[in-house]
Enquirer: 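My questions will all concern the structure given below.
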Amino acid sequence: MPALFHTLPRSVAALVSCLLLGLLTTTSLQAADAELKRIAINGGELEYEVIGSGEPVLLIHGTGVAATFYNVMREPSLAGYQLIRYHRRGFAGSSRTPDPFTMQDHAADANALLTALGISKAHIVGHSFGASTSLQLALDAPELVHDLVVIEPPVFDPAAPPAAFAQLTATWKSGDKEGAMNTFSTMSYGDNWRELAARVPGGPAQVMADVDTVFTTETPAMTGWVFNAEKAATIKQPIIYITGVSGHGASLKQLQQWMPQMQSQVIPEVTHA
């Protein structure tokens, strides 16, 4: 276990150690979505799965390819934890998103899911858009959040969103949905995104099936989300930021200035995927 984790509470250290193992073990990827249940919340339905018993851990996935393989942590090695994974609104078998559907709406879904499951406090683990959702959940319902593991959350300036997103949205609106999603996935996860998604049977097809979610509500929610020093200062829970050498996601240095309790781990040879 990296020395960093010995400074953290036992529960957080164990959680992150297992998380790193899951991220680095490609054989963990399984087709388990057929076992997901469905639950009605906030006017829609989410498909979800609860595995094991112990301290609750909510897993919140990212966009596109990341939504296909978030069962990477569906591992019995996480003994002592109750794993809750779900497809966010707009992905796979969960309800489609109304337009607009903001980061606050996604956090409200996570809140409602935990509440419906009778969970009063959980460890929250989020990747990419899911990491931003995790931070928003800590803002909106701090009583639910024991601690946070955020993996490369995107944090943009709403006044100056990335031009690439506007270009991709224009491509999608023109009718070239496959082209828009291919470019988005390549930018986010690399040229081998189809290979990554294919580790879960049907993964590439799911990516394309969710394309309207990505460009109707997901990118506007991502680029319009306001997370700044003032908001970050209200988050008091322990936070671990995990990133790869590519440095994809928000500036780690900036977030550490805003949240001095944040610790970090850079994993060599790991991409945003």
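Basis for what follows: all heavy atoms, side chains included, without hydrogens, waters or symmetry-related copies. The structure presented is a predicted model; accordingly, all values stated were derived computationally and were not measured.
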Enquirer: Quick one: list whatever passes side chain to side chain donor-acceptor pair (under 3.5 Å) with Ser128, sequence neighbours left out.
Expert: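 Here the qualifying residues are His272.
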
Enquirer: Rounded to the nearest 0.5 Å, what separation is found between the CD1 atom of Ile124 and the CG atom of Leu144?
Expert: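 Rounded to the nearest 0.5 Å, the CD1-CG separation comes out at 7.0 Å.
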
Enquirer: I'd like to know whether CG of Asp191 has more than 12 heavy-atom contacts from other residues, nucleotides or ligands below 6.0 angstrom.
Expert: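 No, CG of Asp191 has 12 or fewer neighbouring heavy atoms, counting only those of other groups under 6.0 Å.
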
Enquirer: My understanding is that only residues two or more places apart in sequence, or in another chain, count here; which of them pass side chain to side chain donor-acceptor pair (under 3.5 Å) with Glu178?
Expert: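 For Glu178, no residue satisfies side chain to side chain donor-acceptor pair (under 3.5 Å) once neighbours in sequence are set aside.
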
Enquirer: Sorted by first residue and then second, give each salt bridge (charged side-chain N to carboxylate O under 4.0 Å, His left out) pair with at least one member in residues 109-130; sequence neighbours left out.
Expert: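 Only Arg89-Asp109 qualify under salt bridge (charged side-chain N to carboxylate O under 4.0 Å, His left out).
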
Enquirer: Pairing donors with acceptors under 3.5 angstrom, does anything connect the side chains of Asp105 and Thr102?
Expert: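 Judged by distance alone, the side chains do pair up.
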
Enquirer: Who are the side-chain contact (heavy atoms from CB on, under 4.5 Å) partners of Val50, not counting sequence neighbours?
Expert: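 With sequence neighbours excluded, Val50 shows a side-chain contact (heavy atoms from CB on, under 4.5 Å) to Tyr48, Gln82, Ile84, Leu117, given in chain and number order.
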
Enquirer: Within the 3.5 Å criterion, strictly below it, is a donor on Glu152 or Thr243 matched to an acceptor on the partner's side chain?
Expert: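 Side-chain D/A pair, Glu152 to Thr243: present.
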
Enquirer: Distance check, rounded to the nearest 0.5 Å: Ser53 atom OG versus Tyr81 atom OH?
Expert: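 Spacing of OG (Ser53) from OH (Tyr81) equals 12.5 Å.
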
Enquirer: First locate atom CG of Leu58, then atom CG of Leu137, and finally report the distance between them rounded to the nearest 0.5 Å.
Expert: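 Reported to 0.5 Å precision, the distance equals 7.5 Å.
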
Enquirer: Closest heavy-atom contact between Glu45 and Ala40?
Expert: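 It is CG-CA, 4.1 Å.
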
Enquirer: Kindly give the heavy-atom pair with the smallest separation between Gln261 and Pro238, and that separation in Å.
Expert: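 Looking at all heavy atoms of both residues, the shortest contact is CG-CA, 4.3 Å.
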
Enquirer: Sequence neighbours excluded, which residues qualify as side-chain contact (heavy atoms from CB on, under 4.5 Å) partners of Lys173?
Expert: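 Listed in chain order: Thr169.
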
Enquirer: Going by the rule salt bridge (Lys or Arg N to Asp or Glu O under 4.0 Å), which residues pair with Asp210 if we only count those two or more places apart in sequence or in a different chain?
Expert: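 Applying salt bridge (Lys or Arg N to Asp or Glu O under 4.0 Å) to Asp210 gives Arg96.
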
Enquirer: Please report the shortest heavy-atom distance between Leu139 and Pro142, naming the atom on each side.
Expert: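 Scanning both residues completely, I find the closest heavy atoms to be O-CD, 3.8 Å.
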
Enquirer: Distance-only criterion, 3.5 Å: show the donor-acceptor pairs between side-chain atoms of residues 225-235 and protein atoms not counting sequence neighbours.
Expert:
| residue | atom | partner | partner atom | Å |
| --- | --- | --- | --- | --- |
| Trp225 | NE1 | Gln136 | OE1 | 2.6 |
| Asn228 | OD1 | Glu230 | N | 3.3 |
| Asn228 | OD1 | Lys231 | N | 2.9 |
| Thr234 | OG1 | Lys231 | O | 2.6 |

Enquirer: If you apply the rule side-chain hydrogen bond (donor to acceptor under 3.5 Å, both in side chains), what do you find for His123 with Glu55, and how did you get there?
Expert: CA-CA 8 Å; His123 304 284; Glu55 299 178 32; 2.6 Å; yes

Enquirer: Identify the heavy atoms of Ile267 and Ile242 that sit nearest to each other, and give their distance.
Expert: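 Closest approach of Ile267 to Ile242: CD1-CG2, 3.5 Å.
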
Enquirer: Got a second to check how far Phe129's CZ is from Ser134's OG, nearest 0.5 Å?
Expert: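 Between atom CZ of Phe129 and atom OG of Ser134 there are 11.0 Å.
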
Enquirer: Could you measure the distance from the CE atom of Met262 to the CG atom of Leu252? Nearest 0.5 Å is fine.
Expert: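 Here the rounded value is 7.0 Å.
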
Enquirer: Considering residues at least two apart in sequence or located in another chain, which fulfil the side-chain contact (heavy atoms from CB on, under 4.5 Å) criterion with Pro162?
Expert: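 Scan of Pro162 (side-chain contact (heavy atoms from CB on, under 4.5 Å), adjacent residues dropped) gives Phe156, Phe165, Thr223.
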
Enquirer: Please name all residues satisfying ring pair (Phe, Tyr, Trp, His ring centres under 6.0 Å) with Phe91, sequence neighbours left out, ordered by chain then number.
Expert: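 Residues passing ring pair (Phe, Tyr, Trp, His ring centres under 6.0 Å) with Phe91: His61.
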
Enquirer: If the condition is side-chain contact (heavy atoms from CB on, under 4.5 Å), which residues does Thr217 pass it with, not counting sequence neighbours?
Expert: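 For Thr217 the side-chain contact (heavy atoms from CB on, under 4.5 Å) partners, ignoring immediate neighbours, are Thr97, Asp99, Phe101, Thr213.
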
Enquirer: Atom CD1 in Ile41, atom CG in Leu46: separation rounded to 0.5 Å?
Expert: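 Output value for this atom pair is 4.0 Å.
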
Enquirer: What's the shortest heavy-atom distance between Ala112 and Asn42, and which atoms?
Expert: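 Where Ala112 meets Asn42 most closely, the heavy atoms are CB-ND2, 3.7 Å.
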
Enquirer: So which heavy atom on Tyr189 is nearest to which on Thr271, and how close?
Expert: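 Minimum heavy-atom contact is O-OG1, 4.4 Å.
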
Enquirer: Assess whether atom CD of Glu269 is packed by more than 12 heavy atoms of other residues, nucleotides or ligands within 6.0 Å.
Expert: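 No.
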
Enquirer: Is it the case that the side chain of His106 and the backbone of Arg88 share a donor-acceptor pair, with hydrogens and angles ignored and the cut-off at 3.5 Å?
Expert: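 No.
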
Enquirer: I'd like to check the side chain to side chain donor-acceptor pair (under 3.5 Å) partners of Thr63; sequence neighbours left out, ordered by chain and number.
Expert: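 If we apply the side chain to side chain donor-acceptor pair (under 3.5 Å) test to Thr63, skipping adjacent residues, the hits are Glu218.
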
Enquirer: Could you work out, with side chain to side chain donor-acceptor pair (under 3.5 Å) as the rule, every residue matching Trp258, not counting sequence neighbours?
Expert: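 Trp258 satisfies side chain to side chain donor-acceptor pair (under 3.5 Å) with no other residue.
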
